[in-house]
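Quick caveat, the model's predicted, so the values are computed rather than measured.
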Amino acid sequence: LLCGFYRPTKGRILIDDHDLNELSSQEICKLIKVVFQDFYQYELTIRENIAFGNLCELKHDDKLEEALELVNLKAVKNIGLDKPLGKLEKGGIDLSKGQWQRLAVSRLFLTDTTYTILDEPTAGQDYHHYTEIMEFLKEINETQGTTIIMITHDMHLMLEYTNRAIVVADGKLLTIDTPAKVLTNETITAPAYLKQTSLYEMAVKCGIEEPSQFVQRFINYERAVR
């Protein structure tokens, strides 16, 4: 709905005073960018895959190589942006799941949008690349003012990097709150099948009166020393 793939049958979606029902797909794309988990096409080149599914004209085409360096895909860059993806025996490049994901994230560097939606941005990443991607997204958020919405099942990622969490279960909105409060509230975690953080369990066992505040202080410290 946010990306305009579906249109609401009732009600309105307002973004920065824009009614999405009144905007074309091209106009919505200037406001919102979405990065899917599986966005690639084997028959296309690296350059074409980075642009794949992009309804807006790619700006900063000269920054393609820099984008690949930012997400640590120098090896792919060195092979050549106009090489086809796919199996090596067919003259293409065979990437791991983590490399595919980083290739998808690299697209964010090339377009100017106010809001970005990412589907499981750290899927298939080891800790090094996980941190690299998240710090890249954090930099986009802080330097370009882009609002980033992430769909994730990684509760540590949510605690570590996000400021607000939206919890949806069985088609219903359960809450919009800070991650610390979400993962220390049994009335939310149980129906949404979320695992409460071990910090909360420790706070309860230690008799701390405000577990959510304890968790939030820990997160703030972790962010400060990261």
Could you go step by step and tell me if Phe5 and Val34 meet the side chain to side chain contact (heavy atoms under 4.5 Å, CB included) rule? CA-CA 11 Å; Phe5 301 143; Val34 59; 4.2 Å; yes
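The CD1 atom of Ile32 lies 3.5 Å from the CD1 atom of Ile15; values are rounded to the nearest 0.5 Å. In this structure, the separation between CD on Glu22 and NE2 on His18 is 10.5 Å, given to the nearest 0.5 Å. Rounded to the nearest 0.5 angstrom, Leu137 CG and Leu118 CG are separated by 5.5 Å. One finds the CG atom of Leu199 at 7.5 Å from the CG atom of Leu159 (value rounded to the nearest 0.5 Å). Separating the CG atom in Asn185 from the OG1 atom in Thr175 is a distance of 7.5 Å, to the nearest 0.5 Å. Within the model, atoms CD of Gln144 and OG1 of Thr114 stand 10.5 Å from one another, a figure rounded to the nearest 0.5 Å.
In terms of hydrophobic clustering, with Ile, Leu, Val, Met, Phe, Trp and Tyr side chains grouped at heavy-atom distances under 4.5 Å, Ile117 and Leu1 are assigned to a common cluster.
With sequence neighbours excluded, no residue satisfies side-chain hydrogen bond (donor to acceptor under 3.5 Å, both in side chains) with Asp17. Scanning for salt bridge (Lys or Arg N to Asp or Glu O under 4.0 Å) contacts around Glu201 gives an empty result, with sequence neighbours left out. In this view, Tyr127 and Tyr130, Thr131 satisfy the side chain to side chain contact (heavy atoms under 4.5 Å, CB included) rule, not counting sequence neighbours. Shown here are the salt bridge (Lys or Arg N to Asp or Glu O under 4.0 Å) partners of Lys181, two or more places apart in sequence or in another chain: there are none. The salt bridge (Lys or Arg N to Asp or Glu O under 4.0 Å) test applied to Glu186 returns no partner, not counting sequence neighbours. Take Thr143 and apply the side-chain hydrogen bond (donor to acceptor under 3.5 Å, both in side chains) test, not counting sequence neighbours, and it matches no residue. Residues passing the side-chain hydrogen bond (donor to acceptor under 3.5 Å, both in side chains) test with Ser198: none are found, sequence neighbours excluded. Residues passing the salt bridge (Lys or Arg N to Asp or Glu O under 4.0 Å) test with Arg12, sequence neighbours excluded: Asp19.
Scanning both residues, Gln196 and Thr184, for their nearest heavy atoms gives NE2-C, 4.2 Å. Scanning all heavy atoms of the two residues, the minimum distance from Val182 to Thr189 falls at O-CG2, 3.3 Å. Closest approach of Ala192 to Ala169, counting heavy atoms only: CA-CB, 4.0 Å. When every heavy atom of Leu174 is checked against every heavy atom of Pro191, the shortest pair comes out as CD1-CG, 4.1 Å. Here the shortest heavy-atom pairing between Leu23 and Arg7 reads O-NH2, 3.1 Å. In plain terms, the two heavy atoms of Tyr115 and Asp16 that are nearest each other are OH-OD1, 2.8 Å.
Among residues at least two apart or in separate chains, there is no salt bridge (charged side-chain N to carboxylate O under 4.0 Å, His left out) pair with a member in residues 161-174.
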Distance-only criterion, 3.5 Å: show the donor-acceptor pairs between side-chain atoms of residues 206-221 and protein atoms not counting sequence neighbours.
| from | atom 1 | to | atom 2 | distance (Å) |
| --- | --- | --- | --- | --- |
| Gln216 | NE2 | Asn220 | OD1 | 3.0 |
| Asn220 | ND2 | Gln216 | O | 3.3 |

Donor-acceptor pairs are to be reported for all side-chain atoms of residues 147-158 against protein atoms at under 3.5 Å, with residues two or more places apart or in another chain.
| from | atom 1 | to | atom 2 | distance (Å) |
| --- | --- | --- | --- | --- |
| Thr152 | OG1 | Asp154 | N | 2.9 |
| His153 | ND1 | Glu120 | OE2 | 2.5 |
| Asp154 | OD1 | His156 | N | 3.0 |
| Asp154 | OD1 | Leu157 | N | 3.0 |
| His156 | NE2 | Glu160 | OE1 | 3.2 |

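A 4.5 Å side-chain heavy-atom check between Asp177 and Ile188 finds every atom pair outside the cut-off.
Ile176 belongs to a hydrophobic cluster whose other members, connected by ILVMFWY side-chain contacts under 4.5 Å either directly or through intermediates, are Ile166, Val168, Leu173.
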